Amino acid sequence: MTTTRTGASAKDIEYHYDVGNDFYGLWLDDTLSYSAALWEGIGADVPPAVALAQAQRAKLRHHLDQAALPPGGRLLDVGCGWGALLTLATEERGVREATGLTLSRAQLAHIVALDLPGVQARLEDWRSHVPESRYDAIVSIEAFEAFASPGLTTTERVQAYTEFFSACHSWLVPGGALSLQTIAFDAGVDADGPVGAFFAGDVFPASALPRLTEITAACDAHFSLTAVRSEPRDYIRTLRSWSARLRAEQEKARQEVGADTYQRYRLYLKTCEVLFLRGDVTVYRMSMRRRRRPLTLTG
Ligand SMILES: C[S@@+](CC[C@H](N)C(=O)[O-])C[C@H]1O[C@@H](n2cnc3c(N)ncnc32)[C@H](O)[C@@H]1O
């Protein structure tokens, strides 16, 4: 399959993710999940560190449920971070094979060191991925934001996302499912204005947020959309938890990455919180069932 080269490159990804595993370990939860947790049912009485870990595991279980991973099945995680989902799938779901794709060498090294049975992490762009055989389930949690570059037209973004869904369709068994989580614009924000520029310049180089309509237009030919949850409050609580943990570890964090990088992360986490609070952005959890045959859409 030929795909269009857009979105974050390995160099762009490493700018953000290879700041250092020890640095991220200071403020993420013990699974090193780097995406919005799922806080439903977690009360204010639960101690903060326990609450974040519980909410992150709830998020991972949600995606494995939505992707309908059967026991003994084969799982693909596109954008696997430090392997939180691969680990939980192995420990709790009896997965036979779990493959994770990342563009970060630091993340790959971390997963390899975990030495989990049946887990294979690959330093590979999804555009180059060729599975040994088809997967029973695919999950992708907050990697989608890196699949299109800033400055593209809506049509170009839909084209880039369509290529992703088309690839997932070709990798899944008939009846297989995809569970996707992505941050997206949720208001009339100018994608190429200062907010987009801040993120694409200082935080996540060459990344750009999608809009819901672009995702639905892009997936329609290959997947039936079975559920969409918009959960901005999940991200606000996650970001507050990360900010509090980073602040509490500021001395160690400055030693790890220097004062400037520490300050940049404090600013980025707070800016994200404001954007979610204002309703400019949201986080979607989307469940998709593979269509038997791709639809030919006209118009
Ligand atoms: C925000 S992190 C999320 C990690 C993980 N899913 C989690 O929830 O903790 C984004 C991940 O997507 C990966 N990624 C981004 N673009 C990618 C691409 N084109 N191919 C494969 N992985 C990609 C990055 O390397 C990183 O692991």
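Since the model is a prediction, treat every value here as computed from it, not as a measurement. For ligands, and for the atoms within them, numbers begin at 1 and follow the listed sequence.
Ring centers of Phe147 and Trp126: under 6.0 Å apart, within the cut-off. Annotation: Tyr161 is in aromatic contact with Phe144 [ring centroid separation under 6.0 Å].
Not close to ligand 1: Ala84, with no non-hydrogen atom less than 4.0 angstrom away. Under a 4.0 angstrom heavy-atom cut-off, Gln181 registers as lying outside contact with ligand 1. Close to ligand 1: Leu103, with a non-hydrogen atom less than 4.0 angstrom away.
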Using atom types as modelled, flag every donor-acceptor pair under 3.5 Å from a side chain in residues 43-56 to any protein atom, sequence neighbours excluded.
unit_1: Gln56; atom_1: OE1; unit_2: Lys59; atom_2: NZ; d: 2.6
unit_1: Gln56; atom_1: NE2; unit_2: Ser35; atom_2: O; d: 3.0

For residues 111-122, please give each side-chain donor-acceptor pair under 3.5 Å, one per line with the distance, not counting sequence neighbours.
unit_1: Arg122; atom_1: NE; unit_2: Glu124; atom_2: OE1; d: 3.3
unit_1: Arg122; atom_1: NE; unit_2: Glu124; atom_2: OE2; d: 3.4
unit_1: Arg122; atom_1: NH2; unit_2: Glu124; atom_2: OE2; d: 3.2

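Counting atoms of ligand 1 from 1 in the listed order, those under 4.0 Å from a heavy atom of Ile141 are 3 (C), 5 (C), 6 (N), 8 (O). For ligand 1, the atoms sitting less than 4.0 Å from at least one non-hydrogen atom of Ala143 are 12 (O), numbered in the order shown with element in parentheses. Near Leu101, with a cut-off below 4.0 Å to any heavy atom, the atoms of ligand 1 are 22 (N). Within ligand 1, counting atoms from 1 as listed, the ones closer than 4.0 Å to a heavy atom of Glu142 are 1 (C), 2 (S), 3 (C), 10 (C). Close contacts between ligand 1 and Ala146 involve ligand atoms 15 (C), 16 (N) [criterion: under 4.0 Å to a heavy atom]. For ligand 1, the atoms sitting less than 4.0 Å from at least one non-hydrogen atom of Glu124 are 20 (N), 21 (C), numbered in the order shown with element in parentheses. Residue Ser33 has at least one heavy-atom neighbour below 4.0 Å for each of these atoms of ligand 1: 9 (O). Near Trp126, meaning under 4.0 Å from any of its heavy atoms, are these atoms of ligand 1: 18 (C), 19 (N), 20 (N), 21 (C).
At a heavy-atom cutoff of 4.0 Å, ligand 1 is contacted by the side chain of Arg127 but not by its backbone. Contacts between Gln107 and ligand 1 below 4.0 angstrom, taking non-hydrogen atoms only, involve the side chain exclusively.
Between Tyr34 and Gln107, the side chains place no donor N or O within less than 3.5 Å of an acceptor N or O (distance only, hydrogens not considered).
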Please report the C-alpha distance between Thr282 and Ser230 in whole Å, then the side-chain angles of each, then the deciding distance to 0.1 Å, and finally whether the side chain to side chain donor-acceptor pair (under 3.5 Å) criterion is met. CA-CA 6 Å; Thr282 187; Ser230 174; 2.8 Å; yes

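Taking any N or O of Asp77, backbone or side chain, none lies under 3.5 Å from an N or O belonging to ligand 1. Polar contact check, Lys59 against ligand 1: no nitrogen or oxygen pair lies under 3.5 Å apart.
Ring planes of Phe223 and His169: perpendicular class, angle over 60° (limits at 30 and 60°).
Looking at Arg134, its side chain does come within 3.5 Å of a backbone N or O of Leu172 through a donor-acceptor pair.
At a threshold of 4.0 Å, the pair Arg211-Glu214 does not count as salt-bridged, since none of the basic side-chain nitrogens sits closer than that to a carboxylate oxygen.
Put simply, the residue from Asp125, Asp77, Leu76 that forms a side chain to side chain contact (heavy atoms under 4.5 Å, CB included) with Leu101 is Leu76.
Nearest residue to atom 6 (N) of ligand 1 from Gly81, Gly79, Ser104 is Gly79 (criterion: closest heavy atom).
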